[in-house]
K.L.:
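Quick one: the structure is below, and I'll ask about it shortly.
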Amino acid sequence: MIISGEDKRGEVYKMKKELIFLGPPACGKGTQTAKLSEYLNFPHVDTGSLLRAEIKGETEAGKEAKSYIDKGQLVPVELVTKIIKNRLSQDDCKNGYILDGFPRSVEQAEELEKMNAEIDKNIESSFKAIYFDIDTSILVERIVNRRSCPKCGEIYNLAFKAPQKEGLCDKCGTELTQRKDDTREVAQSRFDTYFNETAPLIDYYKNKGVLKTIDANGEISEVWERLLKVVND
Ligand code: AMP
């Protein structure tokens, strides 16, 4: 959805809508932001998937990122910033974007501000940081049961959103895979990284007056309704 209105001279303008998402690993951001991307017709820019694509393509960036991802640590800020800047500069992001997985530290948030200032030089934009507030005690089980479709990106969970045919994507029939970092051991390290480096962004964005918090506990459909409320607000 593009917010539109009229300026003082009666000219119609469009305001670019920038949405970023915060929350611990497996809080449901990936599922909801993919849905939101279809609903708003804005690209879903997901750093984790962009990095996994680099690894699959055996690029230099992918080779460097792999060792950090395998340990559940953040990849270096310069690497991820370059990938995101390239992606957000593309034409399909000009009306808005849904940024999932970036920023993940205060340093990255400052980088995002710099790149937005550069990319958006002559346009108006609105910015919201949407935080998925969830009971973290359930998340490790969620992670180890997570499966995804390598072709269309659909996400499943063997415990509460199993595919209709075991091991196959409902949407495109492709064999589902499990992420290498979705093990109990790596998950623990991803949570430590989240609490140490990413969680401070909640206060960072609260202080800037752009934080919107949603209760991310419950069914996918319930969280979706709550998300739509804050997006359309
Ligand atoms: P995700 O798919 O969002 O769970 O991300 C998987 C992994 O990719 C993370 O555990 C990090 O190693 C890496 N990663 C994703 N986004 C970022 C980011 N913004 N900064 C640094 N590393 C990231």
Side-chain angles (χ1 to χ4, degrees), residues 1-3 14-37 40-55 59 61-62 64-65 68-69 72-133 190 193-214 216 227 230-231 233:
M1 188 183 60
I2 296 160
I3 304 170
K14 285 178 179 174
M15 194 188 281
K16 179 173 175 181
K17 199 165 187 162
E18 297 166 342
L19 301 170
I20 67 145
F21 290 82
L22 301 173
C27 65
K29 275 185 297 117
T31 302
Q32 299 289 343
T33 47
K35 224 166 133 71
L36 190 63
S37 159
L40 293 175
N41 198 22
F42 291 163
H44 177 211
V45 180
D46 162 15
T47 348
S49 297
L50 290 173
L51 290 168
R52 284 186 287 278
E54 297 282 340
I55 294 176
T59 64
E64 190 183 346
Y68 295 92
I69 294 181
Q73 296 168 354
L74 295 187
V75 307
V77 63
E78 307 76 41
L79 194 159
V80 77
T81 302
K82 197 169 158 205
I83 292 177
I84 290 296
K85 192 170 178 193
N86 279 341
R87 185 63 192 89
L88 298 186
S89 309
Q90 286 170 22
D91 211 41
D92 63 341
C93 292
K94 73 175 188 298
N95 291 328
Y97 58 72
I98 290 163
L99 192 47
D100 174 10
F102 186 94
R104 255 174 152 104
S105 64
V106 169
E107 191 182 7
Q108 291 186 9
E110 288 165 354
E111 289 297 329
L112 179 63
E113 273 151 41
K114 278 190 238 158
M115 56 178 110
N116 278 340
E118 239 177 78
I119 298 168
D120 299 345
K121 225 177 283 157
N122 298 315
I123 55 170
E124 269 191 276
S125 60
S126 80
F127 183 96
K128 277 181 195 165
I130 301 176
Y131 166 49
F132 278 44
D133 189 10
R190 286 160 63 201
T193 305
Y194 170 76
F195 286 114
N196 291 331
E197 305 199 45
T198 310
L201 286 176
I202 300 167
D203 276 344
Y204 179 87
Y205 284 120
K206 198 185 278 171
N207 292 337
K208 287 183 178 283
V210 292
L211 188 81
K212 304 279 169 189
T213 299
I214 62 165
L227 176 59
V230 301
V231 167
D233 193 19

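Please read all numbers here as calculations on a predicted model, not as lab measurements.
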K.L.:
Looking at every heavy atom in both Y205 and A109, which two are closest together, and how far apart are they?
P.N.:
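In terms of heavy atoms, the two residues are closest at OH-CB, 3.4 Å.
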K.L.:
Decide yes or no on side-chain hydrogen bond (donor to acceptor under 3.5 Å, both in side chains) for T59 and E54, but give the supporting numbers first.
P.N.:
CA-CA 6 Å; T59 64; E54 297 282 340; 2.7 Å; yes
K.L.:
About how many Å separate CD of E78 and CD of E111, when rounded to the nearest 0.5 Å?
P.N.:
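It comes to 8.5 Å.
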K.L.:
Would you say Q90 has more than 12 foreign heavy atoms packed within less than 6.0 Å of its CD?
P.N.:
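It does: Q90 CD has more than 12 such atoms within range.
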K.L.:
Exactly one of L112, D120, I83 should register a side-chain contact (heavy atoms from CB on, under 4.5 Å) with L88. Which one does?
P.N.:
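Testing L88 for a side-chain contact (heavy atoms from CB on, under 4.5 Å) against L112, D120, I83 leaves exactly one candidate, L112.
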K.L.:
Counting only N and O atoms by type, is there a donor-acceptor contact under 3.5 Å from the side chain of S125 to the main-chain atoms of M15?
P.N.:
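Between the backbone of M15 and the side chain of S125 there is no qualifying donor-acceptor contact (under 3.5 Å).
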K.L.:
Hey, are the side chains of L201 and I20 touching, using non-hydrogen atoms and a 4.5 Å cut-off?
P.N.:
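The answer is no; the side chains never approach within 4.5 Å.
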K.L.:
Are more than 12 heavy atoms, taken from residues, nucleotides or ligands other than K85, located less than 6.0 Å from that residue's NZ atom?
P.N.:
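Open: at most 12 neighbouring heavy atoms sit under 6.0 Å from NZ of K85.
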K.L.:
Has the side chain of Q108 got a donor or acceptor atom that lies under 3.5 Å from a matching backbone atom of R104?
P.N.:
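Indeed, once roles are kept as given, a pair shorter than 3.5 Å links the two residues.
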K.L.:
Roughly how far, to the nearest 0.5 Å, is CD1 of I123 from NZ of K94?
P.N.:
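Spacing of NZ (K94) from CD1 (I123) equals 10.0 Å.
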K.L.:
Do K128 side-chain atoms and V231 backbone N/O form a donor-acceptor pair below 3.5 Å?
P.N.:
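Here the side-chain-to-backbone pair exists.
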K.L.:
With side-chain contact (heavy atoms from CB on, under 4.5 Å) as the test, would you mind laying out the steps for T47 and D100 before giving the verdict?
P.N.:
CA-CA 7 Å; T47 348; D100 174 10; over 6 Å; no
K.L.:
Return yes if some donor-acceptor pair links the side-chain N/O of S37 with the main-chain N/O of F42 below 3.5 Å, else return no.
P.N.:
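Such a contact is found between S37 side chain and F42 backbone.
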K.L.:
Assess the residue pair L22 and L211 against the criterion (side-chain contact (heavy atoms from CB on, under 4.5 Å)); give the C-alpha distance rounded to whole Å, side-chain angles, the decisive distance to 0.1 Å, and a yes or no.
P.N.:
CA-CA 10 Å; L22 301 173; L211 188 81; 4.1 Å; yes
K.L.:
Stepwise, does the side-chain contact (heavy atoms from CB on, under 4.5 Å) test hold for L99 with I84?
P.N.:
CA-CA 9 Å; L99 192 47; I84 290 296; 4.0 Å; yes
K.L.:
Once rounded to the nearest 0.5 Å, what's the spacing between atom CG of L19 and atom NZ of K212?
P.N.:
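Taking CG in L19 and NZ in K212, the distance rounds to 11.0 Å.
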K.L.:
Closest approach of I55 and G62, non-hydrogen atoms and distance?
P.N.:
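Minimum heavy-atom separation between I55 and G62: CG1-O, 3.5 Å.
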K.L.:
Should the pair F132 and F21 be assigned to parallel (<30°), tilted (30 to 60°) or perpendicular (>60°) ring geometry?
P.N.:
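Taking F21 first and then F132, their aromatic rings stand perpendicular (interplane angle over 60°).
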K.L.:
Run the numbers on Y97 and K16 for side-chain contact (heavy atoms from CB on, under 4.5 Å), then give the verdict.
P.N.:
CA-CA 8 Å; Y97 58 72; K16 179 173 175 181; 4.1 Å; yes
K.L.:
My understanding is that only one of V45, L227, I98 makes a side-chain contact (heavy atoms from CB on, under 4.5 Å) with T33; could you say which?
P.N.:
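Looking at V45, L227, I98, the match for T33 under the side-chain contact (heavy atoms from CB on, under 4.5 Å) is I98.
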K.L.:
Would you give the length of the straight line joining atom CD of E64 to atom CG of L51, rounded to the nearest 0.5 angstrom?
P.N.:
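One finds 10.5 Å between CD of E64 and CG of L51.
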K.L.:
Looking at every non-hydrogen atom in both residues, tell me the closest pair between G96 and P43 and how far apart they are.
P.N.:
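Looking at all heavy atoms of both residues, the shortest contact is O-CD, 3.5 Å.
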K.L.:
Whether R87 and D92 form a salt bridge (side-chain N of Lys/Arg under 4.0 Å from carboxylate O of Asp/Glu) is what I want to check.
P.N.:
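Yes, this pair counts.
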K.L.:
Just verifying a value: how many Å separate R190 CZ and I69 CD1, rounded to the nearest 0.5 Å?
P.N.:
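One gets 9.5 Å once the value is rounded to the nearest 0.5 Å.
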